[in-house]
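See below for the structure under consideration.
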Amino acid sequence: GNSVTQMEGPVTLSEEAFLTINCTYTATGYPSLFWYVQYPGEGLQLLLKATKADDKGSNKGFEATYRKETTSFHLEKGSVQVSDSAVYFCALYLNRDDKIIFGKGTRLHILP
Amino acid sequence: NAGVTQTPKFRILKIGQSMTLQCTQDMNHNYMYWYRQDPGMGLKLIYYSVGAGITDKGEVPNGYNVSRSTTEDFPLRLELAAPSQTSVYFCAISPNRDRGNEQFFGPGTRLTVL
């Protein structure tokens, strides 16, 4: 079946460090891929998305590239800030379905 | 949170009590979803709706009911609350399939069943 696997957390980094959160997917077809972010005490917010192979989604200094050959959509940021501390969810959507499949989330802690 | 309102924000229930979690949107989106998020865990889909009058079960529907009589409202009903239903409940909306189905989430309802 369709699924999303993302790296286990928590991930703890110092401010200004480079961030990678890995995400791979399994899907029968050509999904759209998303990264959502959840700040403490809030609902999820769309961070970025990519709808076809080789597309790069970017927002707030984060970026992720849709890699069909490796079925991956890794999230990266060159220099993290304390305010980036949150839980990050990778997700996929297939056009024939009516729902998104979410990964389990990765908690990120950024130390000052 | 992009036109999605959830009430109440917090609620404590006793075992066996019932309640309705309200979700209202003002974006005229067809698709609406209910998720639960247990502590330290990801999201699990409870029910969803692709339009007024249409609802369908998600991954964990047992113990819950929904209705969708209007485009704007998608209430979630708990009939006999159990401690296993202690969770944070999120309502989400999305426009249609052509937009890649990105979802907009409400702020959540934190429910505790004692």
Side-chain angles (χ1 to χ4, degrees), chain A residues 1-11 21 23 25 27 29-53 55 57 59 64 66 73 86-109, chain B residues 1-7 9-10 21 23 25 27 29-51 54-61 68 74 87-110:
Chain A
N2 304 315
S3 65
V4 174
T5 302
Q6 55 183 112
M7 61 191 291
E8 299 257 347
V11 173
I21 300 178
C23 171
Y25 67 90
Y30 302 97
S32 297
L33 300 173
F34 306 87
W35 276 101
Y36 283 81
V37 59
Q38 183 180 30
Y39 297 105
E42 298 183 9
L44 279 70
Q45 305 173 25
L46 180 66
L47 179 60
L48 54 84
K49 69 175 184 179
T51 57
K52 62 183 188 297
D55 269 2
N59 186 25
Y66 189 140
F73 193 55
V87 181
Y88 292 81
F89 292 89
C90 186
L92 71 82
Y93 169 74
L94 284 160
N95 280 342
R96 65 172 179 273
D97 292 336
D98 293 316
K99 45 192 183 291
I100 287 182
I101 296 171
F102 287 91
K104 293 186 177 181
T106 301
R107 185 174 297 276
L108 175 65
H109 293 292
Chain B
N1 288 330
V4 182
T5 304
Q6 289 186 242
T7 56
K9 285 189 168 55
F10 305 93
L21 283 68
C23 175
Q25 56 126 340
M27 298 181 73
H29 286 347
N30 286 326
Y31 292 62
M32 297 187 77
Y33 306 81
W34 275 108
Y35 295 92
R36 59 177 288 172
Q37 184 180 35
D38 298 332
M41 303 292 286
L43 298 169
K44 293 184 179 178
L45 181 65
I46 305 171
Y47 271 96
Y48 66 103
S49 169
V50 301
I54 306 169
T55 63
D56 212 340
K57 296 179 181 178
E59 185 185 355
V60 290
R68 183 93 183 272
F74 190 41
S87 191
V88 181
Y89 291 84
F90 290 102
C91 178
I93 64 174
S94 66
N96 56 55
R97 291 176 178 177
D98 293 338
R99 290 277 300 275
N101 207 17
E102 58 184 277
Q103 295 189 0
F104 302 92
F105 284 76
T109 294
R110 185 176 297 275

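Note on naming: letters A, B, ... go to the chains in the order of the sequence lines (proteins, then strands), and numbering restarts at 1 for each one.
Scanning for side chain to side chain donor-acceptor pair (under 3.5 Å) contacts around B/Gln25 gives an empty result, with sequence neighbours left out. Qualifying side chain to side chain donor-acceptor pair (under 3.5 Å) partners for B/Gln6, counting only residues two or more places apart in sequence or in other chains: none.
For the atom pair CD (B/Gln37) and CZ (A/Phe102), the distance works out to 10.0 Å, reported to the nearest 0.5 Å. A/Gln45 CD to B/Glu102 CD: the interatomic distance, rounded to the nearest 0.5 Å, is 12.5 Å. Remark: A/Tyr93 OH to B/Gln103 CD distance equals 9.5 Å, nearest 0.5 Å. Note that OH of A/Tyr36 is 6.0 Å distant from CZ of B/Phe105, once rounded to the nearest 0.5 Å. For the atom pair B/Tyr33 OH and A/Ile100 CD1, the distance stands at 6.5 Å (nearest 0.5 Å).
For A/Tyr39, the OH atom counts as densely surrounded, since its 6.0 Å shell holds more than 12 non-hydrogen atoms of other residues, nucleotides or ligands. More than 12 heavy atoms of other residues, nucleotides or ligands sit less than 6.0 Å from atom CD of B/Glu59.
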